[in-house]
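What follows is one structure encoded as structure tokens, with my remarks underneath.
We name chains A, B, ... by the order of the sequence lines, and we start the count at 1 in each one.
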Amino acid sequence: MVRRPGSAGSARRAGAMSGGYGAGRFARGIAWATVLYLVLPITIVLPVSLTDQRFLSLPHEALSLRHYANIFASPAWLGAISQSFMLAVASTALAVAAGTLCAIGCWRLGRRSSEMVRVLMLLPLIIPSIVYAVGLYRWFGKLDLLDRFLGVVLAHAVTGIPYVVITVSAALAAFDPRLEQAARGMGASLPQTLRWVILPRIAPGIASGAIFAFIHSWDELVMVLFITSRQVFTLPRKMWDGINENLDPTMAAVAMLLVVFTIGLLWLDGALRRRRRDA
Amino acid sequence: MSSTAGHALALRGLTRRYGSFVAVRDVSLNVESGEFVTLLGPSGSGKTTMLMMVAGFTEPSEGTILLDGRDITALPPERRDFGMVFQGYALFPHMTVAENVAFPLRVRGLGRAAREEKVRAALDLVQLDRFADRKPAQLSGGQQQRVALARALVFDPALLLLDEPLSALDKKLRGELQEELKALHRRVGRTFINVTHDQEEALRLSDRVAILDHGRLVQQGSPLELYERPATRFVADFLGRSNFLAGVVREVRPGAMALVAGGTRLVQAVAYGAPKLALGTPGLLALRPEKISLLAEGEAADTEVAGEIAAWSYHGTGFALSVQTVDLGLLQVALPAWRAPIAPAEGMAVRLGWPADASVPVAEDSHAA
Ligand SMILES: Nc1ncnc2c1ncn2[C@@H]1O[C@H](COP(=O)(O)OP(=O)(O)OP(=O)(O)O)[C@@H](O)[C@H]1O
Ligand SMILES: [Mg+2]
């Protein structure tokens, strides 16, 4: 199965082709407006993060990296970063395991009931996260999971599952079911078939799902606000508190680091897909 | 380890339905140990469905499958230990050729050294040793097919299932691999079940051919039996080519009968014990083009008919004539080219004849469900 190249790539190719349809003035305008709209917040955050002042503002006299230096000097910021990172790793591992198995199970059954399961798995995407958070708060209170690392891992893992289910299902849709038959016909047990045939074929899909699940946990705020207080203190939570309590430009610096980090992850995702396509 | 002989397989009343559609209908077939059996039939006749039931991937709606007398109908495919070549190869795209061929050995937990040796031998067999490190996508269709064959053979299965293993090869390579397959079958003494819609391949390779049509087993027998004594119009037409002569039974004697079609008397030899047609009923005879001769002046034959050459073509080894007759319609005649009695020309008047045992009575097909 051939994956379509990213839309940006095909647009560029179409533009380079002589005789192709060029974009109209109107379409071009809309496209640039959209790009601006998406990039604009960053264009504010970047200068603010480089400000030479002590409060949230644009640079007055010179650009300064002091707020970046602040991050790495502050145990509170570093603690939040490492906690967020560990949370994201743990919840991603859970989401990948559960989401992948769910997608494979649905794919193998291929009945209408499994279609239902798949829709059910997408619920966390459909339900507004604030509603979800309220529900979690009530249940976690009873289960003694409030303000606990495990509680946040579970919450983020469950809400990260949809990303994995979606990407793995897409990878499986392109998987030739006769390969599984061939493997079993040659005597491979189900675990052997999984390990040697199915998983290597859908690994790029799993990696994509993992990246999205990671990003999801990495910047999730709403649930964290409800189910944590002092023990668990994630990076988005720290930023949120920073905005509410003092207008420290360090936040802008952290935000910039987050943006760079996320772009790095997305680039990795794209690179994995490209490798898959060329293989 | 499996014994030195191949498995014996028995299919009893095998049926497979898809909704109200019957893909395979009540097929019973015995495959002896070490036999080479071919399932032959046109596209959509149910060959792959049959094979997939034997392999365990498709569950029969009715019937049982016996392996050496043991019921394996419910046994999952991975426990049947058959070698299989899928229609369309089903090679693992993420593995190299050598890794593909090594797969069944890896599954069986064979050590690396033993694995490499067997893989090399299997790749040698299909003349692909130079391609061991390529991915399937870097091979031609025929090369992929040979990898699939090597992968099915490498673990020395007692029963080998082949779904059109040679269909993507060019004529020469196909011929070579047919020979190779036949030699291999003789050498290893395993049971082979081959599926094809190529009648020439079926005749060349098989100990026995089972002919399928619309999901039914129409006839089974040795290639010679099927070619010489087709039971139905479908078989006579599908295996080689035939002229069909329709007439009404006028005489029945021991060992022979005669049908009449217009002014032509068709003399037909009848084997002792063969069911006889009743006087006055319609009958159908199948007659191979190569069994018709051109009669010289004054020469006589059991059945004679006059006609006119409507079209002809030259094929190197012979002429193919279409001769228009009044009573029997258009007859196809194959005439050896070397020392042919005539130089064919359109419109030329000819007399055709054949002996009483050249044609065979066949039944009309019953496709009604
Ligand atoms: N999963 C299925 N659902 C419904 N119908 C099916 C299914 N599989 C096969 N059939 C039907 O059963 C019939 C036999 O199919 P099968 O694949 O056995 O044919 P075949 O003899 O192998 O043909 P070919 O030579 O083209 O491979 C076909 O008419 C096909 O449409
Ligand atoms: Mg088929």
Checking heavy atoms, do the side chain of B/Arg106, its backbone, both or neither come under 4.5 Å from chain A? both
Chain A contact via B/Phe92 - side chain, backbone, both or neither, heavy atoms under 4.5 Å: both
Does atom CZ of B/Arg79 have more than 12 heavy-atom neighbours from other groups under 6.0 Å away? no
Minimal non-hydrogen separation, B/Ala90 against A/Ala182, with atom names: O-CB, 3.9 Å
Treating B/Glu78 as the side-chain partner and A/Gly185 as the backbone partner, does any N or O pair qualify as donor plus acceptor under 3.5 Å? no
Just so I know, are the side chains of B/Pro93 and A/Asp176 near enough to count as touching, which here means a heavy-atom distance under 4.5 Å? no
Of A/Arg178, A/Glu180, A/Gln181, which meets side chain to side chain contact (heavy atoms under 4.5 Å, CB included) against B/Phe57? A/Gln181
Which bit of B/Leu91 is near chain A, if near means a heavy-atom gap under 4.5 Å: side chain, backbone, both or neither? backbone
Which atoms of B/Gln138 come close to chain A, meaning under 4.5 Å heavy atom to heavy atom: side chain ones, backbone ones, both, or neither? neither
Could you check if a side-chain atom of B/Arg151 sits within less than 4.5 angstrom of a side-chain atom of A/Met186, using non-hydrogen atoms only? yes
Using a cut-off of 6.0 Å, state whether more than 12 heavy atoms not belonging to A/Phe261 lie near its atom CZ. yes
Say you draw a straight line from NE2 of B/His94 to CH2 of A/Trp196; how long is it, rounded to the nearest 0.5 Å? 11.0 Å
